[in-house]
Amino acid sequence: MSPHAYRIATAVVSGLLTTGCSEVTFPAIQYETQRARIGTTFDFELCAGDLELVDRQVGAIEERLGVERASRISLYLYELGQLPCENSPFGCYFREQDAVATLPFAIDHELVHAVARGQSFENRFWSEGIAEAVKGEGTFNPYTPALATYAQSDSARLDYATAGHFVRWLVETRGLASLQRIVAGEPQAEVLGASIEQLAAEYDAAAPFAFPDWSPCAHPPLPATGDGVWEERLEFDCQSTDAHRLRGGPGPTVSRSIEVPAGTYRLSMEDGDAVYLLGCQTETLPEYRPSFNDDETVQRWNGSVFNEVQLSRTAPAMRFESEVDHQVELTQGTYELMVSALDDDGSYAGTVRLQRVP
């Protein structure tokens, strides 16, 4: 399964992430960063940007939780189907070994558990909801009543999306400091001034459909080179902190952001594998408003590109191969462009260009 394909499975993972408890032999440590020791089962090298991202994620999680780890996290990354987790095909945290075993797209969730290992929570709804809420990605409302899943102790039955969205809603309405007090062990009813029943009723009545990422589309902008033209000559390799192997295409990938008005555009890329394009959710989405085809399947809301704003990080990026002029219809908004080198090439040199068609 390619690193890009991991993004597609995010809609499934929310209900399956859990902790494991069996004895396991982890892969050898191959990388050491300021905040992590990392081993993988991959047949490719991680890029400098992947290693930097892990450190940034740990630091951001510490800041959001108000908790600081005293030691580096042992992080083990696996190919699909190789995980040693008992109850999850996507990721788990081994508390006794203080080790994370995960597929790449689930790293951030499991890192929350590793950072919060010294904290205790009232139940699984709080521990998993906090992990989903503060890992960095946006949350969405599946419209499951909060109390319907609150008391679930079985990870397979807990609605992780509801738990995560509920906690993110608390952050947005009560403030991050309130969440940090709960993480520190203060009773939630005392901190929030309400019972879980009262909070759940307010949440069910008032929570919006989707909150954005904590730092949405935080990539360098693709430079504008003229009226309705954005273009950049990119030269990077896997040793660059701008390059990643765990997201985007099959080879080293670098991301750029771009904000455009609605219209028809011509997208092209010279050399390499492809450019991947995905809409960014930058604001809270109050309501879920899909459009449907005649066969009741959901339309792509963003013209030629599926805009993840509607599903909060469950949409796949659209792939546009290199050496071809692609015409795309885009609605107004912010987009991420992921420019990928070839799978067997450790570097990339080429030009990506987006031009509005009159």
Side-chain angles (χ1 to χ4, degrees), residues 13-21 57-58 60-71 73 85-88 90-102 106-137 139 141-142 144-204 207 211 214:
V13 69
S14 61
L16 294 171
L17 296 173
T18 185
T19 55
C21 56
Q57 287 177 319
V58 173
I61 291 167
E62 288 178 333
E63 183 176 353
R64 292 164 193 156
L65 294 179
V67 173
E68 185 175 348
R69 270 204 51 121
S71 61
I73 295 172
C85 305
E86 290 185 340
N87 301 315
S88 170
F90 297 114
C92 58
Y93 173 60
F94 292 86
R95 182 170 294 275
E96 291 185 4
Q97 294 94 334
D98 188 19
V100 168
T102 182
I107 290 174
D108 46 10
H109 177 105
E110 301 303 339
L111 286 178
V112 178
H113 289 308
V115 171
R117 66 172 274 100
Q119 318 308 120
S120 59
F121 300 99
E122 185 173 324
N123 58 17
R124 187 180 292 274
F125 181 93
W126 281 105
S127 62
E128 301 296 348
I130 288 172
E132 283 291 285
V134 307
K135 66 183 184 181
E137 294 182 356
T139 60
N141 191 346
T144 299
L147 287 182
T149 191
Y150 182 78
Q152 291 291 347
S153 59
D154 184 351
S155 63
R157 296 179 180 273
L158 177 68
D159 188 331
Y160 279 54
T162 294
H165 197 59
F166 177 84
V167 174
R168 178 66 183 271
W169 171 77
L170 288 176
V171 171
E172 298 294 330
T173 57
R174 270 62 173 184
L176 184 59
S178 294
L179 177 64
Q180 292 174 345
R181 290 174 61 189
I182 294 172
V183 172
E186 297 185 45
Q188 56 88 8
E190 181 179 312
V191 172
L192 301 171
S195 67
I196 185 61
E197 290 78 13
Q198 291 170 321
L199 292 168
E202 182 184 348
Y203 164 83
D204 292 339
F211 292 114
W214 287 68

Nearest 0.5 angstrom please: [X] [atom1] to [Y] [atom2], how far?
X	Y	atom1	atom2	value
Cys85	Phe90	SG	CZ	11.0 Å
Asp98	His113	CG	NE2	13.0 Å
Arg64	Gln180	CZ	CD	11.0 Å
Arg157	Asp159	CZ	CG	13.0 Å
Glu137	Asp108	CD	CG	5.0 Å

Go through Val100 and Ile107 one step at a time and tell me if the side chain to side chain contact (heavy atoms under 4.5 Å, CB included) criterion holds. CA-CA 8 Å; Val100 168; Ile107 290 174; over 6 Å; no
I'd like to know if the side chain of [X] and the backbone of [Y] have a donor-acceptor N/O pair within less than 3.5 Å.
X	Y	answer
Glu62	Arg69	yes
Arg117	Arg95	yes
Thr139	Arg168	no

Please say which of Glu122, Gln119, Gln188 ends up in a side-chain contact (heavy atoms from CB on, under 4.5 Å) with Ile182. Gln188
For [X] versus [Y], what's the shortest heavy-atom pair and its separation?
X	Y	answer
Tyr93	Ala99	CD1-O, 3.3 Å
Val134	Leu179	CG1-CD2, 3.7 Å
Phe121	Trp126	CB-CB, 4.1 Å
Tyr203	Asn141	OH-OD1, 3.5 Å
Ser178	Leu192	CB-CD2, 4.1 Å
Ala200	Ala146	CB-CB, 3.9 Å

In this structure, is the centre-to-centre distance between the rings of Phe166 and Tyr150 below 6.0 Å? no
So does Glu63 have more than 12 non-hydrogen atoms from other groups sitting under 6.0 Å from CD? no
Does the side chain of [Y] come within less than 4.5 Å of [X]'s, by heavy atoms?
X	Y	result
Leu158	Tyr160	yes
Leu111	Thr102	no
Ile61	Val67	no

Set out, in order, the CA-CA distance, both residues' side-chain angles and the distance that settles side chain to side chain contact (heavy atoms under 4.5 Å, CB included) for Trp214 and Lys135, then state yes or no. CA-CA 9 Å; Trp214 287 68; Lys135 66 183 184 181; over 6 Å; no
So, His165 versus Glu132: side-chain donor-acceptor pair below 3.5 Å or not? no
Does any donor atom in the side chain of His109 or Glu128 lie under 3.5 Å from an acceptor atom in the other side chain? yes
Audit row: Leu147, Asp204, side chain to side chain contact (heavy atoms under 4.5 Å, CB included) steps and yes/no: CA-CA 9 Å; Leu147 287 182; Asp204 292 339; 5.9 Å; no
